[in-house]
Amino acid sequence: MTQSNATRRIVLALAAGAVLGCSESTAPPKPASVSPSLSTTADATAGLPLTTSPTFVVKDAGGNTLGGVSVTIAVTAGGGTLPDAPTKTVGGGPTPIGTWTLGKTAGLNSVTVTVGTLPAAVININGKAGPPAAIVFVQGASQVGLAGAALASPAIAQVRDQFANAVAGVSVVFTVGDGGGSVSATPVLTDASGTASAPSWHLGKSAVPQSLRASTAGVTAILNAGVQSDYDIDLRFYGPPMPPEAAAAFTAAAARIKGSIIGDVQDIPVTAPLDLDKNCGVTGVTLPVGTIDDVIIYAAVAPIDGPNKILAFSGPCFIRTSNALTIIGVMQFDSDDIDNLIASGRMQDVIQHEMLHVVGIGTLWSTKNLLAGAHTVDSRFTGSLGIGACLDLGGLPVCTGGVQVENTGGSGTADSHWRESSFGNELMTGFVNAVNPYSIISIQSLADLGYTVDGFAADTYGIPGLSLSVQQTRASILTDMSPQWETVTPPKFLISKSGQISRVEKQ
């Protein structure tokens, strides 16, 4: 070996050693831990992206934060999404996990960060319900109850966010929509399941659609209910076109009576066409063959006798042979007085008054042997249920031996109304007042006639007593009318369950 070759080998060996020594000194630090920046579970809104991305760090054994380390990041609970998760750590500080949108169902959401075989880091977020976006009634829908009574099953509303999560701790206010019922307006706080039970909801007193409204934070839900009644009033208009206000008042009066009479009455066949023009004064109307369930009431606004005389006439025309209850009735208001009646604001009260005569108050009392002392100063209604209702209201002086019946006012008023001097503004006295409550006395008198009734449908009423001040302070809307402002007509014909027609014997 020459000296030059030996020298070359020594130089190469030294160079190789130098390279080996340099490689050992620059080896990357080894990851020793991965940890989340959140040490406890935080809260955020379910279904929405977090406003600030959670972070994590990877450190070596000396506690130094490492960048460029390969990581695996995945959603592992809650069903959210993380579309832009990084695959390596960021040098110099914590690494954001990306845009994390929580799952739409409230509850625990988790993201797991994995580095090799190290224990994984788990970031937890509690997805909570967002602001109210909807209210849903979860109990109480499609109920049917008695007019004026509370529904059997309470209405329960649930407040939900946009993803149908229950929202706890918000105030819900319940108000009546359609039907004129009542419910407390005191706010109800939703419980942990997002539900609020409505205060007792009393239906309105007419057989019309009923609704309850639940509201919170600008969100509303409607619950519908119906009024229980099997008494059908077939209201038929005849004669000249009537003012819309009159037609609406007839319909409303029928619904009010249907709310108080709730039982079905025997169907009656019409076996041959009935000339109602000739027999009942229903101008130009012939009733075809068919079945009547339960009552047909013909109503008109047409001339009677000119202004400020007879305002209306009403009464049953055909009644049942089996129980003497009305089958076909007629009521007509004078077209010369109708505008004043509309302007008074008491049209529905007056129409309901007349319609109750058609049904039987005051017109079927003699037929059913429920009137004592007719045509005397001490005429009285003797039905036990009506008397009982009167006594329950504290009317001992005016109900003993029978409910006092009007003994003044002429043939259109006497013996067919409650006595004004005793019962004041009750709907079925012979005079119209500023307020005319339909009392339990009138409703129970219908039960004495043979109807099935709902006492909850009665208006609040108190018997004023034997005081002339009742008449002196009466705000009558009929001060310009004649003393005999209405004509009440008794029944004329009977129809049997087989359809046979006969005349009613005069009382």
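Basis for what follows: all heavy atoms, side chains included, without hydrogens, waters or symmetry-related copies. On a predicted model such as this, the values are computed, not experimentally measured, just so you know. Here, residue 1 is the first one in the sequence, and each next residue gets the next number.
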Open item on the list: Quick one about Ser379 and Asn407 (side-chain donor to acceptor, distance below 3.5 Å, no hydrogens or angles considered), yes or no?
Closed with: no
- [ ] Would you indicate whether the side-chain heavy atoms of Val350 and Leu341 approach each other to under 4.5 Å?
- [x] yes
- [ ] Take Glu426 and Ser442 through the side-chain hydrogen bond (donor to acceptor under 3.5 Å, both in side chains) test and state the conclusion after the steps.
- [x] CA-CA 9 Å; Glu426 208 280 343; Ser442 288; 2.7 Å; yes
Task: Between Phe250 and Phe333, ring centroids under 6.0 Å - done: yes
Open item on the list: Walk me through whether Thr291 and Asp267 qualify under side-chain hydrogen bond (donor to acceptor under 3.5 Å, both in side chains).
Closed with: CA-CA 7 Å; Thr291 300; Asp267 292 356; over 6 Å; no
- [ ] Hey, can you tell me if His353 and His417 have their rings parallel, tilted or perpendicular (30° and 60° cut-offs)?
- [x] parallel
- [ ] Report yes or no: does Thr190 contribute a side-chain atom to a donor-acceptor pair with the main-chain N or O of Val170 at less than 3.5 Å?
- [x] yes
Open item on the list: Test side-chain hydrogen bond (donor to acceptor under 3.5 Å, both in side chains) on Thr220 and Ser215; report intermediate values, then the result.
Closed with: CA-CA 4 Å; Thr220 298; Ser215 302; 3.2 Å; yes
Task: Heavy-atom donor-acceptor pair, Asn436 side chain to Asn433 backbone, under 3.5 Å - done: yes
- [ ] Go through the side-chain N and O atoms of Thr195 and Gln158 and say whether any donor and acceptor fall under 3.5 Å apart.
- [x] no
Open item on the list: Ring-plane angle category for Tyr298 and Tyr238, please: parallel below 30°, perpendicular beyond 60°, tilted otherwise.
Closed with: perpendicular
TODO: Compute the centroid of each ring, for Trp365 and then for Phe381, and state whether the two points are separated by less than 6.0 Å.
DONE: yes
Open item on the list: Do Pro199 and Val188 have side chains that approach each other closer than 4.5 Å (heavy atoms only, starting at C-beta)?
Closed with: yes
Open item on the list: Ignoring hydrogens and geometry beyond distance, is a side-chain donor-acceptor pair present between Ser314 and Gln332 at under 3.5 Å?
Closed with: no
Task: Carboxylate-amine/guanidinium contact Asp161 Lys128, below 4.0 Å - done: no
Open item on the list: Can you tell whether the side chains of Asp232 and Lys258 come within less than 4.0 Å, N to carboxylate O?
Closed with: yes
Open item on the list: Please check this pair: side chain of Thr41 against backbone of Asn124, looking for a donor-acceptor N/O pair closer than 3.5 Å.
Closed with: no
Open item on the list: What I'd like to find out is whether the side chain of Cys399 reaches to under 4.5 Å of the side chain of Leu391, using heavy atoms alone.
Closed with: yes
Open item on the list: Would you say Thr99 and Asp84 are linked by a side-chain donor-acceptor pair, where the criterion is simply a distance under 3.5 Å?
Closed with: yes
Open item on the list: Treating Ser153 as the side-chain partner and Gly140 as the backbone partner, does any N or O pair qualify as donor plus acceptor under 3.5 Å?
Closed with: no
Open item on the list: Is any side-chain heavy atom of Val359 closer than 4.5 Å to one of Ile261?
Closed with: yes
Open item on the list: What I want to check is whether the side chains of Thr408 and Glu406 have a donor and an acceptor closer together than 3.5 Å.
Closed with: yes
TODO: Verify, without hydrogens or angle tests, whether Glu354 (side chain) and Phe313 (backbone) share a donor-acceptor contact under 3.5 angstrom.
DONE: no
